[in-house]
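We name chains A, B, ... by the order of the sequence lines, and we start the count at 1 in each one. These numbers were taken from a predicted model, which means no experiment stands behind them.
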Number of protein chains: 2
Amino acid sequence: MTKKIQKRDAEASKRSIVLSAIKLFSTRGYAGTSMDELAKECGLNKAMIFYYFKNKKGLYEAVMEEILQEIYKAITQKISSSTSAEVQLETFIKTYGTFACSHPYLPALLLKELSDSGAVLPQQLFKSMRKLFGLFSDILRRGEKEGVFKKSMPMVLYFMVIGSLNLIVTTKPLRQKAAKLDDIELDTCSECEIEDISNYVTSNILLVLKPFYKE
Amino acid sequence: MTKKIQKRDAEASKRSIVLSAIKLFSTRGYAGTSMDELAKECGLNKAMIFYYFKNKKGLYEAVMEEILQEIYKAITQKISSSTSAEVQLETFIKTYGTFACSHPYLPALLLKELSDSGAVLPQQLFKSMRKLFGLFSDILRRGEKEGVFKKSMPMVLYFMVIGSLNLIVTTKPLRQKAAKLDDIELDTCSECEIEDISNYVTSNILLVLKPFYKE
DNA sequence: TATATAATTAACTAACTAGTTAATTAAAAG
DNA sequence: CTTTTAATTAACTAGTTAGTTAATTATATA
């Protein structure tokens, strides 16, 4: 039995709020996003936001939960098809890069949260961040046990990876603008594809982990 | 002739506003900082802020200008004492790390701004960012010409450096919290000194630029 | 000492903020 | 067809926001 088109659809309304919230939170930040504006953006009455999400913080929590789960799912899925630590690491970095690029709200929101050390959502961000870093860290540890990776500082390498990829995505408009004025010669990578950047980051990290690695 | 203690000192008032603004903007962000709160924080009447800085954006601009100039000065000073591209690069990274650690508002503000692609201050952030990146980029280019560095993607390497160092500083409280609960084994580098991290980042970048480099 | 100027203040405004409420609709269940 | 329940709305509140204004101090100068 096919669902008929309903005038009232709780799930659709809820989804619409989350989607608009992702857009606004990632561009204007938590404090910079107003619930009036959000209601206008998604075409629903403001009271609906509080009806479904209790308060602003609750909505923000739902938004962060959603996108962090999404990226985690995307990465674990791709990784599962391989057992080699090298390939898994490569897959991790490339999947993160591609996902970040096609969902640019992720880097914006993540950097904003991390630059606050989780001022809005300490507990929850903490758990999700930990989960993703745990994945990365496990790959390095396994590679080390198997003798294919050198001993390393996983936290620093992780930040080198997500730091660079996130910044590449969020600064894209800024870097393109920089490329237009040619007062000084400066390559801001304004035409680079995310695949090339992911590849470069991957080979750099592998170079660090495998001293005799050649790309 | 020594200046007597004055009840009215424009420079001191202005300075006091900027210092409090740095503190608040870096912890609460632009939108999250209120001018009433700032006035209370620095013990001056709110009207003084508008008297000296015209409006909120003007104050923010002054704050960003100040700290970006400070880090630029710190780095150029240290770098000037060497001519070798390798040593200059090492000095760049280490000075940035130490400065970021002892002025933790820098990473917080920079990451916030960069994650917006300069939503508040496109023009100015743009120029200051360019200047600092130009310094980094010049070192790589000179090293390349002199045959001591491989060809590289300076923008990506730059983001790997400042991305990791900034994140290490801003997430410190979060990582220390993570270290306390030991449900899963996970090294978050909570006890690491910034010197060790800067060293590690430096040797990683040098490894990328000089394939036969041994630390 | 008188005057001009710069620094400071309290009190104000108009717009905006997150969140509430009570009434109203639409759909599902009996 | 009626009743219950869930979804939606307009209108509201109480507090906060950036920014203004006119009056008032203090200081340097003539």
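A 4.5 Å side-chain heavy-atom check between Tyr105(B) and Lys23(B) finds every atom pair outside the cut-off.
In this structure, the CZ atom of Arg28(B) is 15 Å from the C1' atom of dT17(D), given to the nearest Å. Atoms CG (Leu44(A)) and C1' (dA10(D)) sit 15 Å apart, rounded to a whole Å. If you take CD1 of Ile49(B) and P of dT17(D), they are 12 Å apart, rounded to a whole angstrom. Spacing between atom CG of Asp9(B) and atom C1' of dA6(C) amounts to 12 Å, rounded to whole angstrom units. One interatomic measurement links the two molecules: CE of Met48(B) to P of dA11(C), which rounds to 18 Å at whole-angstrom precision.
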If a protein heavy atom is under 4.0 Å from the base, mark B; if only from the sugar-phosphate, S; if neither, -; do that for nucleotides 18-26 of chain C going 5' to 3'. BBBB---BS
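Near DNA chain D, meaning a heavy atom under 4.0 Å away, there are no residues from residues 11-21 of chain B.
The side-chain contact (heavy atoms from CB on, under 4.5 Å) search around Lys78(A) returns Thr91(A), Thr95(A), not counting sequence neighbours. With sequence neighbours left out, Tyr30(B) forms a ring-ring contact (aromatic ring centres under 6.0 Å, His included) with Phe25(B), Tyr60(B). A search for side-chain contact (heavy atoms from CB on, under 4.5 Å) contacts involving Glu193(A) returns Glu195(A), Asp196(A), not counting sequence neighbours.
Phe53(A) comes within 4.0 angstrom of no nucleic acid atom, judged by non-hydrogen atoms across all strands.
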Assess the residue pair Tyr158(B) and Ser137(B) against the criterion (side-chain contact (heavy atoms from CB on, under 4.5 Å)); give the C-alpha distance rounded to whole Å, side-chain angles, the decisive distance to 0.1 Å, and a yes or no. CA-CA 8 Å; Tyr158(B) 182 69; Ser137(B) 179; over 6 Å; no
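Between Lys127(A) and Glu65(A) there is no salt bridge, since no side-chain N of the basic residue sits under 4.0 Å from a carboxylate O of the acidic one. A salt bridge is defined here as a Lys NZ or Arg NE, NH1 or NH2 lying under 4.0 Å from an Asp or Glu carboxylate O, and Glu61(B) with Lys57(B) fails to meet this definition.
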Please table the atom pairs, donor to acceptor, closer than 3.5 Å between any side-chain atom in residues 170-177 of chain B and protein atoms at least two apart or in another chain.
residue	atom	partner	partner atom	Å
Thr170(B)	OG1	Leu114(A)	O	3.2
Thr170(B)	OG1	Asn166(B)	O	3.3
Thr170(B)	OG1	Leu167(B)	O	3.4
Thr171(B)	OG1	Leu167(B)	O	2.6
Thr171(B)	OG1	Arg175(B)	NE	2.9
Arg175(B)	NH1	Thr188(B)	O	3.1
Arg175(B)	NH1	Cys189(B)	O	3.0
Arg175(B)	NH2	Ile168(B)	O	2.5
Lys177(B)	NZ	Gln123(A)	OE1	3.3

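Residue Tyr52(B) is the one, among Glu37(A) and Tyr52(B), whose nearest nucleotide of DNA chain C lies closer to the 5' end (criterion: closest heavy atom).
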